[in-house]
Structures are given as structure tokens and as C-alpha cells.
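Before any comments, here is the structure.
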Amino acid sequence: MKALCWNGVRDLKVERIPDPTIVNPKDAIVKVTMSSVCGSDLHLINGFVPSMKAGDVIGHEFIGEIVAIGKEVKGLQVGDRVVVVSVIGCGECHYCKQQTWSLCDNSNPNAGLQEKIYQYPTAGIFGYSHLFGGYAGSHAEFIRVPFAEYGAFKIPEDIPDTKAVFVSDGIPTGFMAAEMASIKPGDIVAVWGAGGVGQMAIQSAYLMGAEKVIAIDRFDYRLAAAATYSHAEVLNYEATDILEALKESTGGRGPDCCIDAVGMEAHTTGMEHYYDRSKQFLRLQSDRPAVLRQAITACRKGGTVSVVGVYAGLVDKIPMGLFLNKGLTMRGGQMHGQRYVPRLFEHIRNGKIDPSFLLTHPMSLEEGAYAYRIFNDKLDNCMRAVFIPSQSFVGD
Ligand code: NAD
Ligand code: ZN
């Protein structure tokens, strides 16, 4: 089959690799019909997540059709149209039973590797480095789905592919960001990052009763989308002093909830830019935490900081004094998609969540390197490129 493979930093190629097969009776094989790019892929492509190997197939946000199924998978059959959650959970361990699927004890075959860094292993994730299980990703014609009974969900007929694909990762991540922010009716919420995850966090925050959501980014087309489709007020951090602006729009109090939907590759201006870049280059910190610092600083006393932007390792100059003395709560995590999928179908159906505008670039797999270039550099008004593996490349 064809697959989009990682071969080094910013080096992607479509290659022919063997088709996946059932290796465990709990597996299913899915023919991928749509597979989206995600901000998390950028951390792999830009070389910030360790343990990638040449030839690794990336991609984790996808839908498809079941073409083969293991003997022990209940409730699914060949021919089912399914969305598969990007995080893999066994469904049986303590953490899966508590609905904290991204903490699964059993789905990461490279648990030993991860224990060396995180002390305890976390769940495997499709196409997301050997540290997270070494599973082949979804930017391919077919994919092996372990523990399919728990991770693959039949898509209701009235939900189109163009919405269902984001139920795999982008929507549950935004939804969990809002949930972890403990939004109460009337709250003011600030969301850093107006990418797919930030947009879904904004829509979810309104769904949970936020009175006002303020989106922060520097790309006007993304801010315009946040205003038009997600109904946020918007701030461009290149044109505005964010801390001052947030004070002003909250009566001097600060937002009740601050959501980091940016993560380890935050872009910064001024001295902070040189500080973070050089520390990262010298490997004195692995991630650039500019948004985390700003969220902790901006948040009102007693408020909540919710972190879904991905961090991989160590960060520097986190204002712990502010965190403690302002009595903040901070929560974070890879999302627990399996816990949210059924209610997300409902929210899509009743129009409370609408991700359709995220799909700006339907493409063939052969266009993969180009797709990631425009997504990484935020060119051509790209929100998310979505690969349709059956679509062959016709060229210019
Ligand atoms: P994206 O690249 O489309 O969007 C990120 C946005 O952040 C960009 O628009 C960028 O301009 C903006 N940004 C950069 N620096 C900023 C700053 N200083 N202030 C405000 N905005 C800034 O990515 P995405 O797909 O929306 O993903 C966002 C984050 O969520 C990534 O870190 C990704 O890894 C993470 N993610 C986490 C999970 C999870 O389970 N926790 C799942 C999916 C994605
Ligand atoms: Zn588990």
C-alpha cells in the first residue's frame, strides 16, 4: 500500500510498504477514507518528539471502513464506517475503566522506553513516535487498529465524513480542554491558538456556558475563522499587548479560564523569542512554554489553566510564584477521546459543534509533503489538510 512516511526533520515521502494484517484477535484493519493533519504532527516533523525512525508512517486523525476484523472484537463488523480515536486504550485496565484512556497501562508496547522519561508509561498513539508505541499512522491506504472494540466508533449515517473525521482527535481535544477548564455559566475564557484544537475548545466553551471566549493568535485568517465560525472575540498578539487586553475585557480581573491550545512550539516575539529558541537549541529545555507562562500570568486569582497544547519534556521560567500565590488550578493531558465520542456525535447533530470549516485542503497522499508545508507555515489559509488516500495525484 501507499503511505506517507517520516524520513527525518521536514522530510516526508510517499512510499510503498506492506499492507497491515491482524496480529491480535482484538485488532481491526481499516481502509482509510480520510486522514487529517494535526498540530501534534508538526512536533514530529520539526523534530521535537524523540524516538522517530526513518520510514515511520505518521497521521492519527482518521475515519475509514473496516475491511478485516479480529475474532474477539465485539459490536463491529466488516463494512462498518468508523471513526477511530487517535489515542489507543485497552478498555480493561484501571485507567481505561476510569475513562482516562490516554493513560492506558496496556496499549504502549514500548512502555519501558517511556518509563525512562516519564516514570510511568502512557497510552499508545497512532503514528506518534516509538515513545508512544511505534504504531503505524493513518496517512496510508490501510491501518491496523488495536483494541478496535473500544477505539473504533460507528459513524451515524446523518454525520458526513467531513465532520466525522475531526471526532477522531481535534474535537475531543478541544472539548476536553474546555472540560478541564471547569467552565461555569457566565465565565470568560481565553484560548491561545486558533488552530483546529483551539477552535473546538472555543465552541465547547460556549457549549459549557461561557459568556465570552477570547481567541488569541497572530494569523488573521485563523482569527477571522474564530470570530465567524466559533463566535469568539479575537486578539492578535503581534498587534496587541495580550495581558493588558485581557485585563481590559474582563473588567480588570483576568479570564476565569485560560486554555493553552498551542504547546511546545509557541511562537514568541522580542527577548523571549531569543531566550526560548537558544535554550531549546542548546537542549537546555526541550519545549518553548511562552503560552503557558502567559496563561498563568493572565489568569484571574483562583482561576483554571487548562493545557492541551502538547509538551514533550522540560520547560524553563514557569512563573510558579504566580501559580501558587494566585491559587490557580492547572490541568492537562492527551485527550481521552473514547469518553467523548458518543456525545460529540450528538453535539454535531444539534449544531452545537461544527468543525466543517477546518477542512480547507482535501488532498491526495502524494501531496503530503506540500500539505504539511502549508499547514506548518500557515499558508494558503490552511486550517487542516485532509488526505483522501483513494484520490490519486493528478499534478498541475
Ligand atoms: P495548529 O498548528 O493548527 O495551531 C496552533 C496555533 O497556535 C497556530 O495558529 C499558531 O499561530 C498559534 N500560536 C503559536 N504561538 C502562539 C502564541 N504565542 N500565542 C497564541 N497563539 C499562538 O495546531 P492544532 O492542530 O490546533 O494543535 C494545537 C496544539 O494542540 C498542538 O500543540 C497539538 O500538539 C496539540 N494537540 C493536543 C492533543 C491532546 O490530546 N492533548 C490532541 C491534538 C492536538
Ligand atoms: Zn487501558
Side-chain angles (χ1 to χ4, degrees), residues 36-46 48-49 60-61 85-108 121-125 128 146-147 150-151 166 168-177 180 190-201 215-223 225-226 234-238 240 242 259-269 272-273 276 287-295 298 306-312 332-338 358 360 372 375-378 382-385:
S36 175
V37 305
C38 167
S40 296
D41 298 320
L42 298 178
H43 312 320
L44 309 174
I45 288 170
N46 294 326
F48 293 115
V49 176
H60 55 264
E61 179 163 59
V85 174
S86 58
V87 162
I88 303 166
C90 75
E92 314 275 331
C93 72
H94 169 78
Y95 291 100
C96 289
K97 291 238 186 290
Q98 309 268 327
Q99 297 287 316
T100 50
W101 297 81
S102 69
L103 309 180
C104 177
D105 261 340
N106 295 323
S107 64
N108 186 345
T122 63
I125 302 179
Y128 204 68
F147 305 112
Y150 301 104
F166 302 113
S168 169
D169 186 271
I171 307 178
T173 305
F175 193 85
M176 181 160 135
M180 289 192 302
V191 177
W192 277 258
V197 170
Q199 302 279 350
M200 293 301 105
I216 303 155
D217 206 298
R218 77 180 156 124
F219 292 101
D220 285 330
Y221 78 92
R222 288 179 162 228
L223 290 171
V234 299
L235 293 173
N236 186 325
Y237 67 83
E238 284 188 325
T240 326
I242 292 302
I259 294 177
D260 173 352
V262 178
M264 68 172 95
E265 290 185 75
H267 162 269
T268 27
T269 48
E272 198 177 3
H273 171 87
D276 276 335
D287 309 7
R288 305 195 298 263
V291 164
L292 198 54
R293 291 183 195 121
Q294 216 167 55
S306 165
V307 184
V308 285
V310 162
Y311 293 88
Q334 298 280 1
M335 58 90 185
H336 309 305
Q338 288 84 338
L358 299 181
T360 51
Y372 272 106
F375 176 54
N376 187 57
D377 299 344
K378 314 304 185 228
C382 181
M383 289 295 298
R384 283 194 171 191

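This chain uses plain numbering: 1 for the first residue, then up along the sequence. Whatever order the structure lists ligands and atoms in, that order sets their numbers, starting from 1.
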> Hey, which atoms in ligand 1 end up nearer than 4.0 Å to a heavy atom of Gly195?
Replying inline: 3 (O), 4 (O), 26 (O)
> What protein heavy atom sits nearest atom 37 (C) of ligand 1, and how far off is it?
Replying inline: Val308 O, 2.9 Å
> Which atoms of ligand 1 have any heavy atom of Arg222 under 4.0 Å away?
Replying inline: 1 (P), 3 (O), 4 (O), 8 (C), 9 (O)
> Roughly how far apart are Ile88 CD1 and Tyr128 OH, rounded to 0.5 Å?
Replying inline: 13.5 Å
>> What I want to know is whether Gly39 and ligand 1 share at least one N or O pair that is separated by under 3.5 angstrom.
In response: yes
>> Tell me how many protein N, O or S atoms are within a distance shorter than 2.8 Å of the Zn ion (ligand 2).
In response: 4
>> Can you tell me if Phe48 has over 12 outside heavy atoms packed within less than 6.0 Å of its CZ?
In response: yes
>> Rounded to the nearest 0.5 Å, what separates atom OG1 in Thr269 from atom CD in Glu238?
In response: 7.0 Å
> Judged by non-hydrogen atoms, does Asp169 sit under 4.0 Å from ligand 1?
Replying inline: yes
> What atoms of ligand 1 come within less than 4.0 Å of a heavy atom belonging to Ala266?
Replying inline: 15 (N)
>> Check this for me - ligand 1, Cys38, N or O atoms closer than 3.5 angstrom, yes or no?
In response: no
> In the protein, which heavy atom is nearest to atom 36 (N) of ligand 1, and how far is it?
Replying inline: Ser40 OG, 3.4 Å
> Does Val262 approach ligand 1 within less than 4.0 angstrom via side chain, backbone, both or neither, non-hydrogen atoms only?
Replying inline: both
> Of all the non-hydrogen atoms in the protein, which one sits nearest to atom 9 (O) of ligand 1, and at what distance?
Replying inline: Asp217 OD2, 2.6 Å
> OG of Ser102 to CD1 of Ile125: how many Å apart, nearest 0.5 Å?
Replying inline: 7.0 Å
>> So if I count the atoms of ligand 1 from 1 in the order they appear, which ones are less than 4.0 Å from some heavy atom of Phe375?
In response: 3 (O)
>> Could you tell me if Lys378 sits above the aromatic ring of Phe375, with its cationic atom closer than 6.0 Å to the ring centre and no more than 45 degrees from the axis?
In response: yes
>> Could you measure the distance from the CZ atom of Arg288 to the CD atom of Glu272? Nearest 0.5 Å is fine.
In response: 11.0 Å
>> Pairs of nitrogen or oxygen atoms closer than 3.5 Å, one from Gln294 and one from ligand 1: do any exist?
In response: no
> Which ligand 1 atoms, with their elements, are less than 4.0 angstrom from a heavy-atom of Trp192?
Replying inline: 19 (N), 20 (C)
> Do the ring planes of Trp101 and Tyr150 sit parallel (below 30°), tilted (30 to 60°) or perpendicular (above 60°)?
Replying inline: tilted
>> Which option wins on minimum heavy-atom distance to atom 38 (C) of ligand 1: Leu292, Thr269, Leu42, Thr173?
In response: Thr173
>> Please list, in number order, the atoms of ligand 1 under 4.0 Å from a heavy atom of Phe219.
In response: 11 (O)
>> Is there a polar contact, in the sense of an N or O pair closer than 3.5 Å, between Gly333 and ligand 1?
In response: yes
> Should you measure from each heavy atom of Val291, which atoms of ligand 1 turn up under 4.0 Å away?
Replying inline: 17 (C), 18 (N), 19 (N)
>> For atom 15 (N) of ligand 1, what is the closest protein heavy atom, and at what distance to 0.1 Å?
In response: His267 N, 3.0 Å
>> Measuring from non-hydrogen atoms of Arg384 to any atom of ligand 1, is the shortest distance under 4.0 Å?
In response: yes
> With backbone taken as N, CA, C and O and side chain as the heavy atoms from C-beta onward, which portion of Ala261 lies under 4.0 Å from ligand 1: side chain, backbone, both, or neither?
Replying inline: backbone
> Taking side chain as C-beta onward, heavy atoms only, is His267 less than 4.5 Å from Tyr237?
Replying inline: yes
> Got an N/O contact under 3.5 Å between Gly198 and ligand 1?
Replying inline: no
> If you measure from each non-hydrogen atom of His43 to ligand 1, which part falls under 4.0 Å: side chain, backbone, both or neither?
Replying inline: side chain
>> For Pro172, state whether at least one heavy atom is located under 4.0 Å from any atom of ligand 1.
In response: no
>> Give the atom numbers and elements of ligand 1 that come within less than 4.0 Å of a heavy atom of Lys378.
In response: 1 (P), 2 (O), 3 (O), 8 (C)
> Does Ala290 have a heavy atom less than 4.0 Å from any atom of ligand 1?
Replying inline: no
